[in-house]
Amino acid sequence: MGKEVYRDCQRNHACSLGGYSVDGCSQFISDGVRCEACGCHRNYHRKVILVESEQSPNVKPFMSLREAKRLARQRGGVVVPAPPSDEAKVKQRKTKFSTGQREAMREFAESLGWSMRNKSRDAEVDGFCERIGVSKLTFKTWLNNNRKCYFKGAATAGCEAKNSPPQG
């Protein structure tokens with residue numbers, strides 16, 4: 001794939017005080033897994049993966065990400081920042097409900113007493129969810145998110161704005 005290079009230190013030295021402060025170490029200087037410059041573990045330093053093109057087999061170390069990108073553009077290589085973890089995080093899509101679905105869910109939730117703990121009504125809940133076209137998990141999530149807005153008939157202005165259909 002590419003060569004891994006560690007750059008500036010991201011360790012927050014003021015975390016215990018409730019603040020944010022980094023030490024300014026601009027490049028990882030290897031002493032095994034510790035940085036000789038700041039003494040932090042290698043994992044505190046930002047990792048950059050250098051992908052070389054056929055045109056430039058030699059990549060020199062640089063001091064900043066800006067400099068790395070500039071040199072990569074000149075040489076035809078690509079600088080790819082490493083993902084924060086092994087698994088790529090995928091943002092979940094927010095479910096949009098029609099007005100009819102929202103009203104049907106509100107009425108059914110009121111008949112359930114705004115709780116899905118009654119296991120004897122599971123078949124009824126499954127049938128309802130299938131009829132309006134939402135999954136049981138989606139209905140359960142909606143019920144938990146909207147319980148405070150509708151329960152006991154005390155809808156607040158924030159809940160009404162959140163549950164009203166989009167304008168325009």
Side-chain angles (χ1 to χ4, degrees), residues 1-22 28 33 40-54 64-66 68-70 72-73 76-168:
M1 171 133 163
K3 181 181 175 185
E4 293 179 355
V5 179
Y6 293 90
R7 296 288 176 223
D8 50 315
C9 183
Q10 301 292 311
R11 183 174 180 197
N12 182 5
H13 294 279
C15 184
S16 62
L17 302 173
Y20 183 78
S21 174
V22 292
F28 179 75
V33 294
C40 295
H41 191 273
R42 180 178 65 196
N43 290 348
Y44 285 110
H45 289 260
R46 182 173 48 86
K47 181 167 58 169
V48 176
I49 299 173
L50 298 176
V51 180
E52 299 176 13
S53 68
E54 301 81 34
S64 69
L65 181 60
R66 179 179 290 161
K69 287 180 179 179
R70 185 184 65 78
R73 278 193 304 270
V78 180
V79 176
V80 181
S85 66
D86 294 323
E87 299 176 6
K89 303 209 181 209
V90 178
K91 187 175 180 180
Q92 289 185 341
R93 183 177 57 88
K94 186 174 179 180
T95 307
K96 302 286 185 187
F97 300 109
S98 68
T99 306
Q101 284 177 319
R102 199 175 303 114
E103 285 301 312
M105 287 190 292
R106 183 185 58 79
E107 290 171 8
F108 190 68
E110 286 174 353
S111 73
L112 291 176
W114 291 93
S115 174
M116 290 183 63
R117 291 185 182 159
N118 190 352
K119 298 295 179 193
S120 64
R121 297 184 75 177
D122 271 353
E124 186 181 353
V125 171
D126 290 338
F128 169 76
C129 291
E130 191 173 314
R131 190 172 69 247
I132 67 166
V134 298
S135 70
K136 187 174 179 180
L137 179 63
T138 302
F139 173 66
K140 179 181 170 185
T141 304
W142 181 90
L143 186 134
N144 289 329
N145 290 342
N146 291 277
R147 180 179 290 131
K148 291 180 182 175
C149 294
Y150 294 114
F151 191 55
K152 298 180 183 175
T156 62
C159 294
E160 289 171 358
K162 180 173 76 172
N163 292 313
S164 64
Q167 302 294 324

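As the structure is a computational prediction, the values presented were derived from the model and not from experiment.
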* To do: Give, for atom CE of M105 and atom CG of N146, the distance between the pair rounded to the nearest 0.5 Å.
  => 7.5 Å
* To do: Taking all non-hydrogen atoms of both residues into account, name the closest pair between S115 and L143 and its distance.
  => N-CD2, 4.2 Å
* Asked: Restricting to pairs with a member in residues 122-133, which pass side-chain hydrogen bond (donor to acceptor under 3.5 Å, both in side chains), not counting sequence neighbours?
  -> R121-E124, D122-K136
* Which heavy atom of Q101 sits nearest a heavy atom of F97, and at what distance? -> OE1-CA, 3.4 Å
* Asked: Should the ring pair F108 and F139 be called parallel, tilted or perpendicular, given that the plane angle runs from 0 to 90° and is split at 30 and 60?
  -> tilted
* For L137, which residues count as a side-chain contact (heavy atoms from CB on, under 4.5 Å) partner, sequence neighbours excluded? -> S135, T141
* Is the OH atom of Y44 crowded by more than 12 outside heavy atoms at less than 6.0 Å? -> no
* Structure fact -> Value for NE2 (H41) from SG (C9), rounded to nearest 0.5 Å, stands at 12.0 Å
* With side chains defined as the heavy atoms from C-beta onward, is the minimum distance between R147 and W142 less than 4.5 Å? -> no
